[in-house]
Amino acid sequence: MTVRTVAGRDVRLTSLDRVLFPEVGVTKGELLAYVDDHAELLLRDLRGRPVALKRFPSGLSGEGFFQKSRPEHAPDWLGAVDVPLRQGGVKTHAVVEDVADLLFLTNHGTIELHPWLSTAAALEEPDTVLFDLDPPEGSDVAEVRWATRAVRGLLEGELGIATRCKTSGSKGFHVSFPLTGPRTFEETGAFAGGVAAVLAARHPDRLTTETRTAARDGRVLIDVGRNAYGQTAVAPYSVRARPTAPVATPIAWDELSRVEPRRYTVTNLRRRLGQRDDPWRGDGVSAVDLADLAAPLEGLRREAGV
DNA sequence: GCCGACC
DNA sequence: GGTCGGCAACGCTGC
DNA sequence: GCAGCG
């Protein structure tokens with residue numbers, strides 16, 4: 001056990017030799033070191049947001065669970081926000097602000113960090129639109145790459161929206177862009193759903209918006225379900241709870257053709273960041289006002305018949 | 001990882 | 001003192 | 001209303 005002191009806060013770091021990822025031998029100490037060393041990159045997209053946790057306190061060989069509530073008996077300096085639930089009631093979520101928060105949550109068994117697409121200060125106001133490209137079982141990575149490019153092509157080529165891409169660290173890729181101006185989850189959800197519907201109508205043999213597995217029929221799912229109140233998506237640079245300890249990693253668009261969804265891991269991400277800057281830093285992607293896009297998107301919908 | 005309930 | 005359960009919930013579709 | 005899905 002060691003104690004890490006950050007700005008006067010003591011974080012107990014325990015069981016450092018526990019192997020959390022048996023297949024690659026990554027220990028809790030190594031996971032904590034990864035989080036500590038990449039805290040600024042993690043915080044960029046986590047700071048000020050409610051965060052859901054995927055925890056495996058005894059490693060991937062043990063039980064794992066998804067947790068939305070702020071852990072009870074967390075130190076009082078860990079941020080909190082009372083989130084009204086749509087179904088009624090309130091649940092207190094953790095809010096991440098700094099490296100001490102990240103280290104506490106990691107020591108507590110958290111592997112994956114899933115922030116909201118809105119901040120604690122404006123829960124009803126998403127600041128990002130996100131598309132999750134999810135390939136069918138057993139398909140070649142080329143297919144989900146093609147789908148990812150198709151989403152970018154419509155957003156960037158037809159609507160003039162600059163976009164970002166990251167590996168999910170799991171099976172596919174995420175495409176996103178930041179928002180400005182007044183907006184609600186109802187609006188971002190409708191926008192993302194409209195884009196997905198147009199693409200699925202144009203390429204009905206390769207793309208679908210059907211979440212039901214049976215109806216998917218070998219097509220790539222364009223999942224827009226994250227663009228809704230109370231939903232979360234894995235944070236850029238979060239580790240995933242999968243055997244090789246992959247990391248959801250921002251990539252430049254020209255890397256998509258040679259990067260696989262689980263390419264970067266706790267073990268090799270350092271080397272990548274030693275060789276090149278974080279691709280999302282200074283990428284020139286500017287925030288979008290969805291109000292400017294309602295009419296153009298409606299035109300695309302009309303053409304596509306959806 | 002940790003608490004509370006139960007044995 | 002050991003063991004065991006709990007630790008999520010939006011929006012949609014289809015039955 | 002309930003189950004499945006991400």
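FYI, side chains are in, hydrogens and waters are out, and symmetry mates aren't considered; it's all heavy atoms of this structure. A, B, ... follow the sequence lines: proteins, then strands. Residue 1 opens every chain.
Within the nucleic acid shown, A:Arg70 has no heavy atom closer than 4.0 Å to any nucleic acid atom.
For the side-chain contact (heavy atoms from CB on, under 4.5 Å) with A:Thr249, the qualifying choice from A:Asp278, A:Leu269, A:Thr265 is A:Leu269, the only one to do so. No option in A:Arg242, A:Arg240, A:Arg55 other than A:Arg240 meets the salt bridge (charged side-chain N to carboxylate O under 4.0 Å, His left out) test with A:Glu112. A side-chain contact (heavy atoms from CB on, under 4.5 Å) with A:Asn227 is found for exactly one of A:Leu117, A:Thr128, A:Asp132, namely A:Leu117.
Contact check, A:Gln87 against C:dC10: a side-chain N or O comes under 4.0 Å of OP1 or OP2. Phosphate contact (OP1/OP2 of C:dA8, side-chain N/O of A:Ser69, threshold under 4.0 Å): present. Residue A:Lys91 has a polar side-chain atom (N or O) positioned under 4.0 Å from OP1 or OP2 of C:dA9.
Going from the C1' atom of C:dA8 to that of D:dG4 covers 15 Å, rounded to whole Å. To the nearest whole angstrom, the two C1' atoms, one in C:dA9 and one in D:dC2, are 15 Å apart.
The separation between A:Tyr229 atom OH and C:dG11 atom P is 9 Å, rounded to whole Å. At whole-Å resolution of the value, NE2 in A:His93 and P in C:dC7 are 14 Å apart. With rounding to whole Å, A:Gln231 atom CD is found 11 Å from C:dC12 atom P. To the nearest angstrom, C1' of C:dG6 lies 17 Å from NZ of A:Lys54. Between the CD atom of A:Glu112 and the C1' atom of C:dA8 there is a distance of 14 Å, given to the nearest Å. One atom, CG of A:Asp134, and another, P of D:dG6, lie 7 Å apart when rounded to the nearest Å. Nucleotide C:dG14 holds its P atom 6 Å from the CD atom of A:Glu210, rounded to whole Å. Nucleotide C:dA9 holds its C1' atom 15 Å from the CG atom of A:Leu53, rounded to whole Å.
Listed nucleotides C:dG11, C:dA8, C:dG14 differ in distance to A:Ala228; the shortest reach to its side chain belongs to C:dG11. Here the side chain of A:Lys68 is nearest to one of C:dG14, D:dG6, C:dA9, namely C:dA9.
With a 4.5 Å cut-off on side-chain heavy atoms, A:Val99 and A:Leu103 count as touching.
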Donor-acceptor pairs under 3.5 angstrom involving side-chain atoms of residues 299-306 of chain A: please list them, not counting sequence neighbours.
none

Polar-atom pairs under 3.5 Å, protein N or O versus N or O of nucleotides 1-4 of chain B: list them with distances, or write none.
{"from": "B:dG1", "atom 1": "OP1", "to": "A:Thr14", "atom 2": "OG1", "distance (Å)": "3.4"}
{"from": "B:dG1", "atom 1": "OP1", "to": "A:Lys28", "atom 2": "NZ", "distance (Å)": "2.9"}
{"from": "B:dG1", "atom 1": "OP2", "to": "A:Arg18", "atom 2": "NH1", "distance (Å)": "2.4"}
{"from": "B:dG1", "atom 1": "OP2", "to": "A:Pro57", "atom 2": "O", "distance (Å)": "2.7"}
{"from": "B:dG1", "atom 1": "O4'", "to": "A:His108", "atom 2": "O", "distance (Å)": "3.3"}
{"from": "B:dG1", "atom 1": "N3", "to": "A:Arg55", "atom 2": "NH2", "distance (Å)": "3.1"}

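Remark: A:Tyr229 engages A:Trp116 in a ring pair (Phe, Tyr, Trp, His ring centres under 6.0 Å) (not counting sequence neighbours).
Atom CG of A:Leu78 and atom CG of A:Asp98 lie 9.0 Å apart (nearest 0.5 Å).
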